[in-house]
Amino acid sequence: MEQQQENHDLDRVRKQMNTAGRGFASMDSERQREIAREGGKAAHMKGTAHEFNSDEARAAGRKGGERVSRNREHMAEIGRRGGRSSGHRGQD
């Protein structure tokens, strides 16, 4: 019975997949979320899921911020947008 359910699930996944593409990236976003959610639940049940503590989360955020801030063009664009936005506030 369990094998039958797995086969049914695989058939459903195949039907939802874009036939021009293959794999996870070609699936619609809802199906991707469903698969990710199932994987997360399984990892928690198995006891292998990682849960960030506040120090790890802080370090991850810092690392991401450092990587983004290396892109000077991107940072300049953010500054320009902020300047335009704050410049329009006093003109009402």
Only counting residues at least two apart or in another chain, list the ones meeting side-chain hydrogen bond (donor to acceptor under 3.5 Å, both in side chains) with Arg80.
-> Glu77
Under 4.5 Å between side-chain heavy atoms, chaining through other members, with only Ile, Leu, Val, Met, Phe, Trp and Tyr counted: pull out the rest of the cluster around Ile78, sorted by chain and number.
-> Val68, Met75
Could you tell me which residues satisfy side-chain contact (heavy atoms from CB on, under 4.5 Å) with Ser29, sequence neighbours excluded, listed by chain and number?
-> Arg33
Got a sec, which pairs hit ring-ring contact (aromatic ring centres under 6.0 Å, His included) with one end in residues 52-75, sequence neighbours left out?
-> His50-Phe52
Output yes when a side-chain donor or acceptor of Ser85 lies under 3.5 Å from a complementary backbone atom of Arg81, and no otherwise.
-> no
Which residues share a side-chain hydrogen bond (donor to acceptor under 3.5 Å, both in side chains) with Arg37, sequence neighbours left out = none
In short, Ser69 meets Arg72 closest at the heavy-atom pair O-NH1, 3.9 Å
Counterpart residues, side-chain contact (heavy atoms from CB on, under 4.5 Å), relative to Ala60 (two or more places apart) = none
Pairs touching residues 55-64 that satisfy salt bridge (Lys or Arg N to Asp or Glu O under 4.0 Å), sequence neighbours left out = Asp55-Arg58
